[in-house]
Structures are given as C-alpha cells and as structure tokens.
Amino acid sequence: MAKRKQKKRGVRQPSVKRRETKITLSEPKQPKVPEALPLKSERVSTVTRLTARMFRKPAIQEVVREPTAGGIVFRTGKNNDDIEILLIQDSKGRWTIPKGHIEAGENAKETAIREIGEEAGLFHIEVLMWLGKIHFQYRRIDKLVLMTTQIYLVRAMDDQETPTKEQWMRGIKWFKFKDALDAIEYEDIEKLMLVAKNKIRQGI
C-alpha cells in the first residue's frame, strides 16, 4: 500500500508544476475590449466562480434594444498638424468618448450633440460626418441587451470653451492623438478614432 501511495504522489507532482507554470506565464498586457463588455482586468473572484457553477443563470426572458450615440470630439493646432481628442473618464476610471442613450423624439446626430453638451460642457461644436456603428450585447439578469452606438466626428469650434465634466465622472481632458489611442479603453472606439484621423488629414 505504501508503494502505491508513493507512485500516486509521483504522478500528481508534474500536474501541479504545470498549473504553476500557467499561472506564472499568464501576465499578458490587457487588450482593449468592445464598449460595454467587462474589462479583463475586472477579474471574477473565486467565490463568484464557484457560485456561478452552483447556480444556473435564469433563462433569457426578454431582448432589449438600446440605441445610443456619441462623438469623437477633436480640435487642431494653428497649423492643423496637431490633433487633440477629448476624452472623459467614467466612474470606474476608464477613458472613453461622450455618448448616451437616444431619447424619444431624437435622432442619433441630435443625441450626440446633446450628450457632448451634457457630458463635456461643449456647445460650440460642428458635426462633420458619421463615422460608423458599434454593435455589442450583454446580459442584464434575465434580459439580453442589444446595444448599438452611432459615432460621429465632431469639431470643437471655440478654443476658449473649457470642457467641464458631470459629477459622476472622474475626469475630462484633451489628449494628443497618440496619447488618446493609448488612453482609450475600448478597441472598437480606437478603430473609429483612426478612421477619424484619416478623415481629418484629408480635410474631411
């Protein structure tokens, strides 16, 4: 019996080493994620994982569509060489663009203008063009939320107008374009920022 126990211990040891190796190597740079999906940095606790295994999620009872809109707000230097992007920092410390839900009676462009005014305090702006849509979905208890965000390219027209944040925000700031790409937390918005840069360089 003693010999068999020793053999079993000998078999277990390599598997333990493999698990330790996986933990040591799992330190990649956190990739950016689509808007509204949880960041990978927001790791689920062990207790939550065990609870999720024990209790099944309730079945989807309803599909909800939530249309939203926002804007990539920019300004340029005197020579139109330096592009700056306005970003807001949400309550979780993540940098993103001004955006929000489309209200009754509004179209997407009107919502983008309103949200930029409410969230960034900028009212002297010009909507230049529509850049694209971001589609994503997430679960809200027993509801499946399908969200679409329409993004516009917006020029800040008044250099003297100072951005002001809402109370729930942690910050608001003009970033040089490269720094804005590094700061933005969501990959889909980052891609549209690159499209915006090309349009600006081309003179729209």
ask   = Out of curiosity, I134 CD1 to I151 CD1, how far, rounded to the nearest 0.5 Å?
value = 4.5 Å

query = Would I88 and T96 count as a side chain to side chain contact (heavy atoms under 4.5 Å, CB included) if you check the C-alpha gap in whole Å, the side-chain angles of each, and the deciding distance to 0.1 Å?
reply = CA-CA 6 Å; I88 64 172; T96 184; 4.0 Å; yes

remark   = Nearest heavy-atom approach of A180 to M193 is CB-CE, 3.6 Å

ask   = Are I102 and I113 co-members of a hydrophobic cluster defined by side-chain heavy atoms under 4.5 Å apart?
value = no

ask   = Which pair of non-hydrogen atoms, one from E185 and one from R94, has the smallest distance, and what is that distance?
value = CG-CB, 3.4 Å

key: L153 vs I200 side-chain heavy atoms within contact, under 4.5 Å   = yes

task = Walk me through it: do H101 and M147 pass the test side chain to side chain contact (heavy atoms under 4.5 Å, CB included)?
result = CA-CA 10 Å; H101 289 84; M147 187 172 287; 3.9 Å; yes

task = Kindly work out whether a path of hydrophobic side-chain contacts (I/L/V/M/F/W/Y, heavy atoms less than 4.5 Å apart) joins W174 to I184.
result = no

task = Rounded to the nearest 0.5 Å, what's the gap from CD1 on I72 to CG on L87? Could you check?
result = 9.0 Å

task = Take I97 and V73 through the side chain to side chain contact (heavy atoms under 4.5 Å, CB included) test and state the conclusion after the steps.
result = CA-CA 8 Å; I97 62 173; V73 184; over 6 Å; no

query = Measuring from E84:CD to F74:CZ, what's the distance to the nearest 0.5 Å?
reply = 11.5 Å

request  = For K109 and Y152, work out which heavy atoms get closest and say how close.
outcome  = N-OH, 3.4 Å

message = Please evaluate residues L86 and V154 with respect to the criterion side chain to side chain contact (heavy atoms under 4.5 Å, CB included), reporting the C-alpha separation (whole Å), side-chain torsions for both, the decisive distance (0.1 Å), and the verdict.
response = CA-CA 10 Å; L86 184 71; V154 180; over 6 Å; no

request  = May I ask you to say whether E110 pairs ionically with R114, meaning some side-chain N is under 4.0 Å from a carboxylate O?
outcome  = no

key: Side-chain donor or acceptor of Q202 paired with backbone N/O of K199 under 3.5 Å   = no

key: Qualifying residues under salt bridge (charged side-chain N to carboxylate O under 4.0 Å, His left out), relative to D158, sequence neighbours excluded   = none

key: Point-to-point distance, once rounded to the nearest 0.5 Å, from CZ of R201 to CD1 of I83   = 4.0 Å

ask   = Which atoms form the tightest heavy-atom contact between G93 and Q89, and what is the distance?
value = O-NE2, 3.2 Å

query = Shortest non-hydrogen contact from P163 to I172?
reply = CB-CD1, 3.7 Å

Point-to-point distance, once rounded to the nearest 0.5 Å, from OG1 of T149 to CD of E66 = 9.5 Å

Solution key, residues 119-132 side-chain donor-acceptor pairs under 3.5 Å, sequence neighbours excluded:
from : atom 1 : to   : atom 2 : distance (Å)
E119 : OE1    : K99  : N      : 3.2
H124 : ND1    : E161 : OE2    : 3.2
W130 : NE1    : Q150 : OE1    : 3.0

request  = Find out if a path of hydrophobic residues (ILVMFWY) with successive side-chain heavy-atom gaps under 4.5 Å connects F175 to I116.
outcome  = no

query = Do you know which two heavy atoms are closest between D90 and K92, and how far apart they sit?
reply = OD1-N, 2.9 Å

Test side chain to side chain donor-acceptor pair (under 3.5 Å) applied to T148 - qualifying residues, sequence neighbours left out = H135

task = Any chance you could measure S91, atom OG, to R170, atom CZ, to the nearest 0.5 Å?
result = 7.0 Å

